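What follows is a short report on a single structure.
Residue numbers start at 1 and run along the sequence shown. The shown structure was predicted, so the numbers you read here are calculated from the model rather than taken from an experiment.
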Amino acid sequence: MIELTADTFEEQVLRSDKPVLVDFWAEWCGPCRMVAPVLAEIEAEHGLTIGKLNFDEHPQIGARYGVMGLPTMVLFENGEPVKQIVGAKPKRMIVRELGLSEVE
């Protein structure tokens with residue numbers, strides 16, 4: 001997973017030629033900590049680029065994409081948000097909502 005900041009967001013997410021899932025999280029967020037290892041598994045199994053953006057440090061980016069609660073995961077394709085998942089969910093639900101095929 002890549003750590004995103006306001007300085008790197010445009011280059012690593014908006015200009016990426018591959019889909020990027022941005023995980024908006026915060027240190028104090030228990031569900032964010034629960035979903036982090038799940039996202040790491042999804043990244044390893046599906047080759048999806050995942051970036052983590054600390055919402056407390058960069059609230060302007062979260063506000064730009066309508067992030068109202070944490071964790072929120074936003075899938076970007078060609079620089080545009082195409083899917084949003086709010087809350088910690090089981091791996092199979094995240095995979096399904098992202099349209100990825102389940103790895104057996």
Side-chain angles (χ1 to χ4, degrees):
M1 282 191 245
I2 53 176
E3 292 292 328
L4 298 169
T5 67
D7 294 334
T8 63
F9 189 83
E10 184 172 341
E11 180 66 33
Q12 294 187 324
V13 177
L14 302 182
R15 293 186 186 172
S16 177
D17 57 355
K18 297 178 183 174
V20 179
L21 182 68
V22 177
D23 175 25
F24 291 89
W25 69 283
E27 289 286 339
W28 51 264
C29 173
C32 296
R33 289 191 297 275
M34 290 172 41
V35 80
V38 172
L39 294 178
E41 287 179 21
I42 291 170
E43 182 177 48
E45 292 170 1
H46 297 277
L48 180 65
T49 300
I50 299 179
K52 296 180 66 64
L53 186 99
N54 187 318
F55 184 80
D56 287 343
E57 293 175 4
H58 307 285
Q60 71 281 10
I61 296 174
R64 185 183 319 155
Y65 296 104
V67 174
M68 303 294 282
L70 299 177
T72 293
M73 293 146 274
V74 180
L75 181 64
F76 288 82
E77 291 180 359
N78 299 314
E80 296 293 324
V82 295
K83 294 185 181 170
Q84 181 171 328
I85 301 170
V86 179
K89 298 186 180 199
K91 179 179 167 183
R92 71 183 184 289
M93 289 181 70
I94 295 172
V95 166
R96 184 173 56 234
E97 289 188 36
L98 292 174
L100 303 171
S101 59
E102 191 64 54
V103 174
E104 297 298 327

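In terms of heavy-atom proximity, Gln12 sits nearest to Val20 at O-CG2, 3.7 Å. The two residues Gln60 and Ala6 come nearest to each other via the heavy atoms NE2-CB, 3.4 Å. Pro19 and Glu77 get closest at one heavy-atom pair: CB-CG, 3.9 Å. Annotation for Pro71 and Pro31: closest pair CD-CB, 3.7 Å, computed over non-hydrogen atoms. Across all non-hydrogen atoms, the minimal contact from Val74 to Pro81 is CG1-CB, 3.6 Å.
Taking the six-membered ring for Trp and thresholds of 30 and 60 degrees, Phe76 and Phe9 have ring planes more than 60 degrees apart, a perpendicular arrangement.
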side-chain contact (heavy atoms from CB on, under 4.5 Å) between Trp28 and Asp56, intermediate numbers included: CA-CA 10 Å; Trp28 51 264; Asp56 287 343; 2.7 Å; yes

Lys52 and Ile2: CA distance, side-chain angles, deciding distance, side-chain contact (heavy atoms from CB on, under 4.5 Å) verdict: CA-CA 6 Å; Lys52 296 180 66 64; Ile2 53 176; over 6 Å; no

Chi angles and distances behind the side-chain contact (heavy atoms from CB on, under 4.5 Å) call for Leu21, Thr49: CA-CA 6 Å; Leu21 182 68; Thr49 300; over 6 Å; no

Thr72 vs Phe55, side-chain contact (heavy atoms from CB on, under 4.5 Å): CA-CA, chis, key distance, verdict: CA-CA 10 Å; Thr72 293; Phe55 184 80; over 6 Å; no

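In this structure a side-chain-to-backbone donor-acceptor pair under 3.5 Å is missing from Asn78 to Glu80.
Residues Val22 and Val13 form a side-chain contact, since some pair of their non-hydrogen atoms from C-beta on lies under 4.5 Å apart.
The structure places CE of Met1 at 7.0 Å from CG of Asp23, a figure rounded to the nearest 0.5 Å. In this structure, the separation between CG on Asn54 and CG on Leu70 is 9.0 Å, given to the nearest 0.5 Å. Remark: His46 NE2 to Glu41 CD distance equals 9.5 Å, nearest 0.5 Å. One distance of note links CG of Leu100 with CZ of Arg92; it measures 15.5 Å at 0.5 Å rounding.
Partners of Thr5 by side-chain hydrogen bond (donor to acceptor under 3.5 Å, both in side chains), not counting sequence neighbours, listed by chain and number: Thr8. With sequence neighbours excluded, the residues that form a salt bridge (charged side-chain N to carboxylate O under 4.0 Å, His left out) with Glu97 are Lys89.
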